[in-house]
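As structure tokens, the structure follows; a few thoughts come after it.
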Amino acid sequence: MKGAGKKPNAAEYFVGGLLGLLTLLLPLKFAGLAVMPEATGFFPEHLFDYLFITWPVVVFGIMTGALLLAAMVVFPPERKVWRDPAGITALLWAFGFPLAALPGFIHCDTLDYAIWELFHLCSFGAYLWALYLVLARRPEWKSIYFGILAAGACLAAFGGLRQYFFGFEEMREYARQQYEAGIVLSGEMMSKINDDRVYGSFTSCNAFGGYLVLLLPVVGVLFWQAGKKFEPARVSSPLLAGIGVLVLAIVLLLTRGRGAVVAGLLAAGGFVFMLPMKKMYRWGLLALAIVMLAGVFVFAKTHGRGLGSAMERYGYWHTTAVMVAENPLAGHGWGGFFYRHMFLRLTGSDEAAHDPHSVLLSFAGQAGIPAALLVMAAFVFPLAVMGRRIWRRQATALEQALFWGSVAFLIHSM
């Protein structure tokens with residue numbers, strides 16, 4: 001690649017720095033509501049206020065569009081990107097998702113849903129394509145961006161801990177002041193205030209949990225590698241890695257996102273099962289995993305919300321199955337799940353679900369089976385490439401961490 005091995009110029013440093021800043025801000029500022037036209041963004045009057053709030057997701061699209069334009073000027077592609085796995089992955093994620101969203105316009109009753117869905121997917125496509133262009137020219141910066149991802153995860157986890165120890169009480173105190181002032185809060189708002197599931201800067205605890213299981217193994221490996229810079233390394237490496245993993249794991253448990261925890265356990269079980277060991281140990285670990293999952297099931301049934309959320313998820317699957325049967329090729333259109341689920345839901349819940357809480361089901365029911373298959377290919381292809389490297393014992397520790405974190409995230413997103 002032309003330019004690789006040469007010292008970066010000022011323009012490359014500038015664009016690379018903007019990409020790094022945007023990567024750091026992803027979990028802190030852009031994890032809010034998206035593709036809900038009825039939920040308007042909050043735009044404060046004073047710029048200083050933006051330091052303390054989650055930014056409207058539409059801002060992410062504007063920033064990534066400008067970033068992509070700069071990256072295409074400074075880091076133009078100089079090879080046929082479809083010739084290497086990284087290029088194919090970038091094409092699938094940057095262009096495959098927006099392309100898969102297009103059939104959702106055909107039967108869309110509320111065009112705003114389709115427009116915002118496409119805009120949101122194009123925003124992430126712009127970010128991912130800019131990331132590919134930068135790293136294709138400057139592969140030595142890969143470790144820097146991994147470090148930025150880890151830093152963002154740690155800051156997000158810190159925000160979750162602050163919310164648990166201070167934020168919930170501050171929010172309840174504010175609600176009490178509103179009540180004393182004669183301002184009546186809605187039942188939905190009061191339910192949110194009385195819920196102590198940690199969600200940090202994210203919209204929901206489930207989304208926060210999915211983010212944490214994705215990056216928890218990556219943070220562990222990066223902290224282990226960072227510990228090698230301090231003597232004695234055999235003490236500092238496990239100490240730093242243990243602290244990083246423990247903090248993120250605690251916040252994950254505080255989200256009380258049972259799906260994320262189960263996804264993390266399944267991915268961890270897969271990792272252990274793939275380690276070289278005697279067959280008797282392998283079967284023993286498999287039995288232990290079954291017992292642990294049974295324990296999680298019993299705990300979920302007897303504590304907190306019980307299996308109510310699981311029944312809701314089954315209802316989402318039922319609604320999507322009906323939608324796919326009715327319109328298999330192009331789906332019901334974006335926003336269609338919201339309307340159909342109101343008629344087809346199986347429980348008496350008053351939840352107005354806008355999405356089946358599954359990436360694949362969302363595309364299958366609202367954009368059709370071909371769109372869902374394209375999305376599945378975007379998920380499976382990079383995992384297959386990394387899995388092959390792991391099977392051949394060619395993958396680095398960081399690649400293995402990214403693989404198993406992605407597996408956990410994929411399970412959770414189903």
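Classification of the Y211-F208 ring pair by plane angle, with boundaries at 30° and 60°, yields parallel.
Judged as a side-chain hydrogen bond (donor to acceptor under 3.5 Å, both in side chains), and not counting sequence neighbours, Y13 has no contacts.
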* **Worked verdict on V218 versus L149 for side-chain contact (heavy atoms from CB on, under 4.5 Å)** => CA-CA 9 Å; V218 174; L149 281 175; 5.7 Å; no

* To do: Could you give me the CA-CA distance, side-chain angles and deciding distance for W334 and F363, then say whether ring-ring contact (aromatic ring centres under 6.0 Å, His included) is met?
  => CA-CA 9 Å; W334 293 112; F363 275 89; 5.2 Å; yes

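Atom CZ of F381 is surrounded by more than 12 heavy atoms from other residues, nucleotides or ligands within 6.0 Å. Within 6.0 Å of atom CH2 in W317, 12 or fewer heavy atoms from other residues, nucleotides or ligands are found, so the atom counts as exposed in its surroundings. Other residues, nucleotides and ligands contribute more than 12 heavy atoms inside 6.0 Å of the CE atom of M171. For R172, the CZ atom is densely surrounded, since the number of other residues' heavy atoms within 6.0 Å is greater than 12. Environment of CZ in F271: sparse, with no more than 12 heavy atoms of neighbouring residues, nucleotides or ligands closer than 6.0 Å.
Checked against a 6.0 Å centroid threshold, the rings of W93 and F379 count as neighbours.
T89 and Y132 are not linked by any side-chain donor-acceptor pair at a separation below 3.5 angstrom, with hydrogens and angles left out of the test.
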Please table the atom pairs, donor to acceptor, closer than 3.5 Å between any side-chain atom in residues 221-239 and protein atoms at least two apart or in another chain.
{"unit_1": "S236", "atom_1": "OG", "unit_2": "G227", "atom_2": "O", "d": "2.4"}
{"unit_1": "S236", "atom_1": "OG", "unit_2": "F230", "atom_2": "O", "d": "2.8"}
{"unit_1": "S236", "atom_1": "OG", "unit_2": "P232", "atom_2": "O", "d": "3.2"}
{"unit_1": "S237", "atom_1": "OG", "unit_2": "W224", "atom_2": "O", "d": "2.9"}
{"unit_1": "S237", "atom_1": "OG", "unit_2": "K228", "atom_2": "N", "d": "3.2"}
{"unit_1": "S237", "atom_1": "OG", "unit_2": "A233", "atom_2": "O", "d": "3.3"}

